[in-house]
*Asks:* 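Please find one structure pasted underneath; my questions will follow.
Just so it is clear, the model here is predicted, and its values are computed rather than measured.
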Amino acid sequence: VNSVTNAIVTTAAFENKYTTAPTSATFQVTKTMEGRKLAQDMFKFDLYKVGETTPIETVGNGVPNADGMSASVVFSEITYTAPGTYSYVIKEQNGGNTIHGVTYDDMKVIVTVTVKDNGLGALEANVAYSTINGDAEDDTKFNNSYTVKPPAAPIIINGTKELHGKNLSAGEFTFALYQTDAYFENPEFVSSVPNAADGGFSLTIPVERISEIGGYRFIIKEVKGTDDNITYDGGVYYVLVEVTDNGLGQLVTKTIVGSAQNNGSITNTSDVRFTNYFTPDPETLKISGKKILKGGVLAKDQFTFELYETE
């Protein structure tokens with residue numbers, strides 16, 4: 001006798017799941033500088049998603065390289081969890097402007113990140129750079145430059161003329177300015193001016209003679225006249241003009257004036273004052289007298305008369 005027993009058959013389902021490990025990318029550009037050396041965080045850079053106006057990160061340039069003229073700019077790592085194309089823009093803050101002598105690069109770096117599944121359970125990211133207003137299609141160097149303007153105004157040296165023995169007249173005396181070497185020697189004539197009625201005079205050091213960073217030396221002398229009744233001041237005044245960069249794109253000056261120097265260094269400070277003395281010609285006194293001879297006829301040169309100085 002055959003018998004059949006009811007049976008329940010269950011089908012087992014095996015479900016596989018494919019996932020990919022995330023990937024990441026880091027963006028890096030370079031900052032270069034002409035005209036002066038870089039410092040860390042001297043310049044700031046913003047990273048934007050294309051089409052957005054709020055940066056996702058702002059960083060400064062890193063520690064400068066050995067030459068002090070370039071540095072890396074590195075943004076934080078970005079993680080990607082899905083395949084796709086991601087686009088960003090890197091801009092330098094103040095790009096296209098000149099501020100305090102620094103001209104900022106107006107270049108924009110376009111960063112395109114292509115994320116793909118490598119088929120082995122992992123995402124891979126490829127980073128490509130292109131530029132707008134760059135020196136080359138794939139330029140990633142932001143080039144800034146620093147320039148300085150010459151001193152804003154010439155140097156005015158004021159002096160005074162004193163004359164003892166008579167009243168001073170306008171234009172009676174002349175004063176000359178000379179540029180010299182580093183030891184106040186080998187003078188080169190710059191200009192000369194006469195005195196005013198009150199004895200004042202002003203000499204001008206033109207900007208073109210002090211247009212770069214450094215120390216510039218000048219001397220001031222009175223031009224000796226030809227009046228034998230005047231003793232002319234033979235003094236010399238020394239002028240040192242120090243030109244420095246104020247760090248804001250402008251050269252500035254400091255002026256030292258003195259009447260003594262040693263090896264190019266002024267050893268005292270003083271006003272410019274020349275003193276002359278007028279000595280008149282000696283005056284003469286004519287004494288007249290009359291000779292009378294009684295009892296005879298007076299002849300010419302018959303008698304002689306003498307003058308004596310007494311106490």
Side-chain angles (χ1 to χ4, degrees), residues 150-244 250-288 306-311:
I155 303 297
I156 306 299
I157 308 295
N158 295 315
T160 302
K161 172 82 252 176
E162 291 184 352
L163 178 62
H164 297 278
K166 74 167 188 174
N167 292 332
L168 179 65
S169 299
E172 191 170 357
F173 302 100
T174 302
F175 309 90
L177 175 70
Y178 302 84
Q179 187 164 10
T180 73
D181 62 17
Y183 299 98
F184 290 109
E185 297 176 353
N186 300 312
E188 175 190 352
F189 177 78
V190 177
S191 63
S192 62
V193 295
N195 64 278
D198 63 358
F201 64 89
S202 297
L203 287 160
T204 301
I205 299 175
V207 169
E208 53 265 26
R209 288 189 175 262
I210 52 171
S211 60
E212 297 180 358
I213 294 172
Y216 299 86
R217 289 165 174 80
F218 302 83
I219 59 173
I220 299 172
K221 297 193 295 184
E222 181 175 1
V223 178
K224 187 176 180 180
T226 58
D227 191 333
D228 293 336
N229 295 109
I230 293 178
T231 301
Y232 293 87
D233 194 327
V236 177
Y237 288 90
Y238 303 92
V239 181
L240 172 61
V241 180
E242 296 176 337
V243 181
T244 57
Q250 180 68 58
L251 294 183
V252 294
T253 61
K254 177 183 178 182
T255 304
I256 304 171
V257 181
S259 59
Q261 65 90 22
N262 181 31
N263 290 327
S265 297
I266 295 176
T267 55
N268 71 344
T269 56
S270 64
D271 296 331
V272 177
R273 186 180 298 273
F274 293 94
T275 303
N276 290 0
Y277 295 88
F278 173 78
T279 304
D281 291 329
E283 295 184 2
T284 59
L285 176 63
K286 186 175 182 180
I287 302 174
S288 299
E306 295 179 345
L307 178 67
Y308 296 90
E309 182 177 2
T310 65
E311 294 183 359

*Asks:* Does the separation of the ring centres of Phe274 and Phe173 fall below 6.0 angstrom?
*Replies:*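 No, the ring of Phe274 stays outside the 6.0 Å limit from the ring of Phe173, centre to centre.
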
*Asks:* Under the criterion side chain to side chain contact (heavy atoms under 4.5 Å, CB included), which of Asn268, Ile220, Val272 is the partner of Val257?
*Replies:*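 Single pass found, and it is Val272.
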
*Asks:* So do Gln261 and Tyr183 actually touch side chain to side chain, heavy atoms under 4.5 Å?
*Replies:*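 When only atoms from C-beta onward are counted, Gln261 and Tyr183 do not touch, as no gap falls below 4.5 Å.
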
*Asks:* So, for Ser270 and Ser259, which heavy atoms are closest and what is the spacing to 0.1 Å?
*Replies:*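 Nearest pair, atom of Ser270 first, then Ser259: OG-N, 3.5 Å.
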
*Asks:* Answer yes or no: is there a side-chain heavy-atom contact under 4.5 Å between Ser202 and Val193?
*Replies:*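 Side chain of Ser202 against side chain of Val193, heavy atoms only: no contact under 4.5 Å found.
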
*Asks:* Please determine which of Asp227, Asn167, Ile230 meets the side chain to side chain contact (heavy atoms under 4.5 Å, CB included) test together with Glu172.
*Replies:*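 That would be Ile230.
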
*Asks:* What are the two closest non-hydrogen atoms of Ser191 and Thr204, and how far apart are they?
*Replies:*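 Heavy atoms of Ser191 and Thr204 come nearest at OG-O, 4.1 Å.
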
*Asks:* Check Gly199 against Leu168 and note the closest heavy-atom contact, atom names and distance.
*Replies:*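 The answer is CA-CD2, 3.5 Å.
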
*Asks:* Please determine whether the number of non-hydrogen atoms from other residues, nucleotides or ligands lying under 6.0 Å from atom CZ of Phe278 exceeds 12.
*Replies:*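 Above 12, so yes.
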
*Asks:* Could you tell me whether Asn158 atom CG has more than 12 heavy atoms of other residues or ligands within 6.0 Å of it?
*Replies:*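 Atom CG in Asn158 is crowded, with more than 12 foreign heavy atoms closer than 6.0 Å.
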
*Asks:* Other residues, nucleotides and ligands only: do more than 12 of their heavy atoms fall within 6.0 Å of CD on Glu212?
*Replies:*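 Counting other residues, nucleotides and ligands, CD of Glu212 stays at 12 neighbours or fewer.
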
*Asks:* I'd like to know if the side chain of Asn263 reaches the main chain of Ala182, judged simply by a donor and an acceptor atom lying under 3.5 Å from each other, with no hydrogens or angles considered.
*Replies:*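 Side chain of Asn263 to backbone of Ala182: no pair is present.
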
*Asks:* At their closest point, which heavy atom of Pro187 faces which heavy atom of Thr180, and how far apart are they?
*Replies:*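 In terms of heavy atoms, the two residues are closest at CA-CG2, 4.1 Å.
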
*Asks:* OG1 of Thr253 to CD1 of Ile155: how many Å apart, nearest 0.5 Å?
*Replies:*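 Here the interatomic distance stands at 3.5 Å.
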
*Asks:* Could you grab the distance from atom CG of Asp181 to atom OH of Tyr216, nearest 0.5 Å is fine?
*Replies:*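 Going from CG on Asp181 over to OH on Tyr216, the span is 14.5 Å.
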
*Asks:* Using modelled atom types and a 3.5 Å cut-off, is there a donor and acceptor pairing between side-chain atoms of Asp271 and backbone atoms of Arg273?
*Replies:*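 No, because the side chain of Asp271 does not come within donor-acceptor range (under 3.5 Å) of the backbone of Arg273.
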
*Asks:* Would you give the length of the straight line joining atom CD1 of Ile213 to atom CG of Leu251, rounded to the nearest 0.5 angstrom?
*Replies:*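 The CG atom of Leu251 is 5.5 Å from CD1 of Ile213, to the nearest 0.5 Å.
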
*Asks:* Looking at side-chain heavy atoms only, is the closest gap between Val190 and Pro206 below 4.5 Å?
*Replies:*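 Contact flag for Val190/Pro206 side chains = yes.
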
*Asks:* For residues Asn276 and Lys161, determine if any side-chain heavy atom of one lies less than 4.5 Å from a side-chain heavy atom of the other.
*Replies:*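 SC-SC contact between Asn276 and Lys161 confirmed.
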
*Asks:* Once the angle between the rings of Phe184 and Tyr238 is folded into 0 to 90°, is it parallel (under 30°), tilted (30 to 60°) or perpendicular (over 60°)?
*Replies:*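 Taking Tyr238 first and then Phe184, their aromatic rings stand perpendicular (interplane angle over 60°).
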
*Asks:* State the OG1-NE2 distance between Thr279 and His164, to the nearest 0.5 angstrom.
*Replies:*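 Answer for the OG1-NE2 pair, Thr279 versus His164, is 11.5 Å.
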
*Asks:* Show the nearest heavy-atom pair for residues Val207 and Pro150, with the distance to one decimal.
*Replies:*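 Val207 and Pro150 have their closest heavy atoms at CG1-CB, 4.0 Å.
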
*Asks:* For residues Leu177 and Ile205, determine if any side-chain heavy atom of one lies less than 4.5 Å from a side-chain heavy atom of the other.
*Replies:*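 SC-SC contact between Leu177 and Ile205 confirmed.
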
*Asks:* Heavy-atom count check: over 12 atoms from other residues, nucleotides or ligands less than 6.0 Å from Lys224 NZ?
*Replies:*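 Not buried by this count: 12 neighbours or fewer within 6.0 Å.
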
*Asks:* Donor-acceptor check, side chain of Glu242 to backbone of Gly214, threshold 3.5 angstrom: yes or no?
*Replies:*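 Not a single qualifying donor-acceptor pair exists.
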
*Asks:* Would you mind reporting whether Ile157 and Thr255 have side-chain heavy atoms less than 4.5 Å apart?
*Replies:*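 Touching, per the 4.5 Å side-chain cut-off.
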
*Asks:* Looking at every heavy atom in both Glu208 and Ser211, which two are closest together, and how far apart are they?
*Replies:*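 Heavy-atom minimum between the residues: O-OG, 3.7 Å.
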
*Asks:* With Lys221 as the cation and Tyr178 as the aromatic partner, state whether NZ or CZ is under 6.0 Å from the six-membered ring centre and within 45° of the axis.
*Replies:*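 Positive - Lys221 is close enough to the ring of Tyr178 and near enough to its axis.
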
*Asks:* To the nearest 0.5 Å, tell me how far Thr269 OG1 sits from Leu240 CG.
*Replies:*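 With rounding to 0.5 Å, OG1 (Thr269) is 12.5 Å from CG (Leu240).
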
